[in-house]
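Just so you know, these numbers use all the heavy atoms, side chains as well, and skip hydrogens, waters and symmetry mates.
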Amino acid sequence: MNGQLPAKMKAAVMMKPGTIVMEERPVPQVDENEVLIKVMAVGVCGSDVHYFENGRIGRYVVEKPIILGHECAGIIVAAGASVTNVSLGDRVAIEPGVTCGYCQACKEGRYNLCPDVQFLATPPVDGAFVQYMKIRADMVFAIPEHLSFEAAALNEPFSVGIHAAKRCNLQPGSTVAIMGMGPVGLMAVAAAKSFGASRIIVTDLEQVRLEAAKRLGATDVINVKDEDAVQRIKELTDGIGADAAWETAGNPRALQSALYSLRRGGKLVIVGLPAQDEIPLNVPFIADNEIDIYGVFRYANTYPTGIKFLAGGGIDTQALITDRYPLEQTQDALERAIHNKSGSLKVMVYPNEIL
């Protein structure tokens, strides 16, 4: 460990749903294959909001105090003896899911499906709303000096979009419809653009989100309060439909609209997780049109690609970040994300005072 590091740090701990308490905790000691990171920026994710509001997401239940936050970036301040991929002082993006490396999913390169993954801020694993955190060294990726910590933290939701593009083999020149312009949906727009989609049609209820989507690369926006999404997508594609449709909101009606917006032989990509387990889908329509359906769970092997895209300068990440809080105001940050007040898109927390 670096002798200049403090012995104690601040941590924003969720004692129970709806209650964040600031605690002083020991700065972690790294093992030989781990690095210690001074956390500089953490995005508030929808999963953080669900745990804060409800204390659970599906089978993952908060049963004891937990630290939330998993979209993160920072600076390497200590490294174990066997670490060779990064050095002290490196600025890094942090991939938050530490997998076993030995199971069939890991061996096949689909490590996002590892049954033993330790994912930050997924019970019982603590997350990144802390000043310092440690993680296995192969989960951190150096970023260039010109890439901000905010943008590097956004590589996490961006990776979901990259994985969606890879899952459906998105081709340059494709037409993509993306349903739901929350933070994941907005970064999915950036991913579709990065993979060469020539037409990106997006839907949402909120005009501020649609405007942000245009800044990130959407070519056509549909406010579903005013227009029928399927009808409008058909009009925009000369009655043919989209090559691929991604549902990113976890909304049953949006999923059905995504299905009906596809051309024959199109691809339906399910990114959002709805509250209910079962949603009716038109099976004869799926069979008759040979619709391919792809589930998306997090991501795998996306971080280097995401960093290259983000560092290229073609993605306006500032279109997404609207709210900034210090670590001491993590409760306020989560409440802001819950209420989604007008003009709020992505909420960021800064554990070490860069706002």
Side-chain angles (χ1 to χ4, degrees), residues 12 14 17-20 39-55 57 67-73 121 127-129 148-161 178-191 200 202-218 221-226 246-251 254 271-275 310 315-351 353-355:
M14 190 179 84
T19 302
I20 302 291
V39 183
M40 302 306 294
V42 188
V44 176
C45 177
S47 65
D48 298 318
V49 171
H50 281 299
Y51 287 127
F52 181 70
E53 274 196 293
N54 306 311
I57 298 176
I67 298 167
L68 300 175
H70 65 265
E71 302 175 0
C72 48
F129 287 142
S148 70
F149 291 114
E150 293 176 329
L154 289 176
N155 198 35
E156 200 278 337
F158 187 35
S159 283
V160 177
I178 304 177
M179 312 298 193
M181 289 294 103
V184 170
L186 288 168
M187 292 308 292
V189 171
I200 303 170
V202 305
T203 72
D204 202 86
L205 290 162
E206 300 292 337
Q207 196 61 34
V208 65
R209 294 184 176 192
L210 295 173
E211 292 300 321
K214 285 196 283 188
R215 290 176 60 184
L216 287 162
V221 301
I222 302 168
N223 191 319
V224 294
K225 289 191 295 188
D226 305 322
W246 303 357
E247 201 292 318
T248 59
N251 181 287
V271 179
L273 293 177
L310 289 166
I315 300 171
D316 183 8
T317 55
Q318 293 306 307
L320 186 58
I321 301 166
T322 53
D323 300 271
R324 296 169 169 85
Y325 292 86
L327 185 66
E328 292 81 359
Q329 295 177 19
T330 298
Q331 170 123 7
D332 296 335
L334 287 159
E335 289 175 351
R336 170 70 171 178
I338 289 171
H339 297 310
N340 188 29
K341 296 175 183 176
S342 179
S344 177
L345 295 172
K346 188 66 177 181
V347 179
M348 301 290 292
V349 173
Y350 301 84
E353 299 181 359
I354 293 182
L355 296 179

Looking at [atom1] of [X] and [atom2] of [Y], how far apart are the two atoms once the value is rounded to the nearest 0.5 Å?
X	Y	atom1	atom2	result
Leu216	Met181	CG	CE	9.0 Å
Phe158	Ile315	CZ	CD1	3.5 Å
Leu186	Thr317	CG	OG1	12.0 Å
Ile338	Ser344	CD1	OG	11.5 Å
Met348	Leu320	CE	CG	9.0 Å
Thr330	Tyr350	OG1	OH	12.5 Å

Item to check | Results of side chain to side chain donor-acceptor pair (under 3.5 Å) for Gln331 - residues two or more places apart only | outcome: Glu335
State, to 0.1 Å, how close [X] and [Y] come at their nearest heavy-atom pair, and which atoms those are.
X	Y	result
Val42	Ala128	CG2-O, 3.5 Å
Ala41	Ala153	O-CB, 4.0 Å
Ala191	Gly161	CB-C, 3.4 Å
Ala213	Val202	CB-CG2, 3.8 Å
Val44	Ala337	CG1-CB, 3.8 Å
Gly217	Ile200	O-CD1, 3.7 Å

Main-chain N/O of [Y] paired with [X] side-chain donor or acceptor, under 3.5 Å:
X	Y	value
Glu247	Gly250	yes
Asp204	Gly180	no
Thr203	Ile222	no
Asp48	Leu68	no
Thr248	Met179	yes

Check whether any side-chain heavy atom of [X] sits under 4.5 Å from a side-chain heavy atom of [Y], and report yes or no.
X	Y	result
Ile20	Phe129	no
Met187	Asn155	no
Pro351	Met40	no
Leu345	Ile321	no
Val221	Asn223	no
Phe52	His50	no
Val347	Tyr325	yes

Next on the checklist: Could you go through Thr19 and Met14, starting from their C-alpha distance and side-chain angles, then the distance that decides it, and tell me whether this counts as side-chain contact (heavy atoms from CB on, under 4.5 Å)?
Outcome noted: CA-CA 6 Å; Thr19 302; Met14 190 179 84; 5.9 Å; no
Next on the checklist: If you apply the rule side-chain contact (heavy atoms from CB on, under 4.5 Å), what do you find for Val208 with Leu210, and how did you get there?
Outcome noted: CA-CA 5 Å; Val208 65; Leu210 295 173; over 6 Å; no
Item to check | The single option from Glu150, Glu156, Glu71 passing salt bridge (charged side-chain N to carboxylate O under 4.0 Å, His left out) against Lys346 | outcome: Glu71
